Amino acid sequence: MALLEVDDVVVKFGGVTAVNRATFTADSGQITGLIGPNGAGKTTCFNVITGLQKPTSGRVRYRDRDVTRWPVHKRAKHGIGRTFQRLEAFGSLTVRDNVRVARDIRGGPLAWARTAVPAARATSKGNLEIDILLDRVGIREYADERADAIPTGTARLLELARALACDPHLLLLDEPSSGLDETETDAFGELLKDLARQGVAILMVEHDMDLVMAVCDDIHVLDFGQIIASGPPAAIRNDPAVQRAYLGYADGDDHTAELDLTAIVEPEVQS
Ligand SMILES: Nc1ncnc2c1ncn2[C@@H]1O[C@H](COP(=O)(O)OP(=O)(O)O)[C@@H](O)[C@H]1O
Ligand SMILES: [Mg+2]
């Protein structure tokens with residue numbers, strides 16, 4: 001059984017079916033991509049997995065338990081962490097305090113930092129654990145800055161640090177690379193691979209196809225709320241249904257096998 005199983009989930013908003021019988025999985029040690037055109041239902045799927053949105057029908061299973069009716073905080077406590085498409089950090093707090101708040105909500109020592117540097121276990125007070133985490137995501141130099149004064153790319157990484165401070169088994173990332181430049185995106189990809197190697201299950205909504213294709217073990221493609229393809233990057237890239245979904249072709253012809261999805265996937269508008 002996979003760590004996360006989304007099973008036949010439907011979400012209706014009035015007359016709009018945002019998610020239509022979606023079934024997919026994400027597993028420990030793997031990076032799983034959830035991609036699709038704007039409005040396909042990706043964020044709604046995340047909300048169903050974290051408990052922010054009740055599905056109209058269908059189930060969410062996590063670590064062999066049916067969590068469909070669990071509230072958000074219970075899921076978080078059991079290791080489902082996320083970042084948001086819109087940045088959600090506390091602007092008036094420092095970067096370090098933003099991470100501290102997340103860690104304090106979770107409670108207890110930070111297992112993740114302990115794994116990184118065993119010496120951290122000995123330090124019961126001070127900022128060491130948090131600074132290790134900030135170091136790990138590459139924003140230590142901003143530790144004392146207010147969160148509303150840092151560049152967007154750094155704020156994205158702060159979101160990641162806050163999610164990691166809760167020691168997630170399952171990490172949901174919604175558009176994590178928006179606002180990162182190319183170099184930052186490459187480093188970010190390496191960081192994700194590293195986290196997966198440590199056993200975290202990563203489920204990522206992302207419009208940067210280069211990043212998705214480079215880091216994902218598996219990809220699920222949503223279109224109008226339905227999963228239209230699932231598989232490893234190479235298979236997804238060449239899947240005619242996926243190419244049609246992104247291009248809007250209706251004739252079913254294989255227009256190009258070397259389609260560069262990057263060029264045709266529009267970034268989501270931040271509001
Ligand atoms: N709270 C809501 N109320 C009504 N419609 C919504 C709500 N959230 C999302 N939708 C609609 O559901 C569809 C899927 O949205 P969303 O999950 O945000 O897509 P994506 O993240 O793939 O861009 C869209 O048509 C969107 O307008
Ligand atoms: Mg979205």
Side-chain angles (χ1 to χ4, degrees), residues 4-26 31-60 68 71-72 75 80-89 152-153 155-156 159-160 162-163 170-180 185 188 192 202-213 215-216 218-231 233 236-237 239 241-248 261-271:
L4 172 75
E5 299 189 336
V6 173
D7 180 19
D8 209 19
V9 162
V10 175
V11 179
K12 290 186 177 162
F13 296 112
V16 177
T17 303
V19 180
N20 193 0
R21 309 201 60 178
T23 296
F24 59 91
T25 60
I31 304 176
T32 305
L34 184 62
I35 67 170
N38 278 348
K42 305 177 296 292
T43 297
T44 305
C45 281
F46 269 22
N47 290 340
V48 168
I49 294 165
T50 54
L52 282 173
Q53 176 66 51
K54 274 208 173 65
T56 309
S57 63
R59 306 247 147 271
V60 178
T68 315
V72 176
R75 299 188 206 202
I80 299 182
R82 84 176 287 176
T83 63
F84 286 87
Q85 187 173 351
R86 291 176 57 184
L87 296 167
E88 303 275 339
T152 310
R156 286 268 160 226
E159 278 286 293
L160 178 64
R162 278 165 23 111
L170 170 64
L171 181 58
L172 308 181
L173 305 173
D174 201 348
E175 307 266 347
S177 88
S178 51
L180 301 188
T185 301
F188 183 75
L192 293 186
I202 297 172
L203 179 62
M204 173 168 72
V205 166
E206 178 54 53
H207 67 258
D208 179 339
M209 286 304 127
D210 287 339
L211 177 63
V212 168
M213 294 293 164
V215 304
C216 288
D218 246 315
I219 298 171
H220 306 290
V221 186
L222 268 178
D223 190 30
F224 293 109
Q226 287 184 290
I227 299 283
I228 58 164
S230 289
I236 293 300
R237 196 193 290 275
D239 188 309
V242 175
Q243 297 179 349
R244 274 197 303 281
Y246 277 95
L247 286 171
L261 291 174
T262 315
I264 52 173
V265 183
E266 289 172 41
E268 300 209 14
V269 178
Q270 300 279 313
S271 47

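Just so you know, these numbers come straight off a predicted model, no measurement behind them. First listed ligand is number 1; within each ligand, the first listed atom is number 1.
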Report, in ascending order of atom number, the atoms of ligand 1 lying under 4.0 Å from any heavy atom of Asn38.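 Listed by number with element: 23 (O).
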
Is Gly36 in contact with ligand 1, taking contact as a heavy-atom separation below 4.0 Å?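 In this structure, Gly36 fails to qualify as a contact of ligand 1 - no heavy atom is under 4.0 Å.
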
Report yes if some heavy atom in the side chain of Ile80 is under 4.5 Å from a heavy atom in the side chain of Leu4; otherwise report no.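 A side-chain contact under 4.5 Å is absent here.
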
N/O/S from Asn38 sitting under 2.8 Å away from the Mg ion (ligand 2):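 Of the N, O and S atoms in Asn38, none lies under 2.8 Å from the Mg ion (ligand 2), which means no.
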
Do you know the tightest heavy-atom contact between Leu160 and Leu171?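 Smallest interatomic distance, heavy atoms only, reads CD1-CD2, 3.8 Å.
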
Nearest atoms (heavy-atom pairs only) where Gly36 meets Lys42: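 Closest approach of Gly36 to Lys42, heavy atoms only: O-NZ, 2.9 Å.
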
Return a yes/no value for [X]: is any of its N or O atoms, backbone included, closer than 3.5 angstrom to an N or O of ligand 1?
| X | answer |
| --- | --- |
| Thr44 | yes |
| Ala18 | no |
| Val16 | no |
| Gly41 | yes |

Polar contact flag, side-chain donor to acceptor under 3.5 angstrom, Gln53-Thr44: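 Looking only at side-chain atoms, Thr44 and Gln53 do not form any donor-acceptor pair under 3.5 Å.
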
Could you work out, with side-chain contact (heavy atoms from CB on, under 4.5 Å) as the rule, every residue matching Ala229, not counting sequence neighbours?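 Counting only residues at least two positions away or on another chain, Ala229 forms a side-chain contact (heavy atoms from CB on, under 4.5 Å) with Val221, Ile236, Asp239, Val242.
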
Give a yes or no on whether a salt bridge exists between Arg156 and Glu159, defined as a side-chain N under 4.0 angstrom from a carboxylate O.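 So Arg156 does not pair with Glu159 through a salt bridge.
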
Heavy-atom distance to atom 13 (C) of ligand 1: which of Gly15, Gly39, Cys45 wins?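 Comparing heavy atoms across Gly15, Gly39, Cys45, the nearest one to atom 13 (C) of ligand 1 lies in Gly39.
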
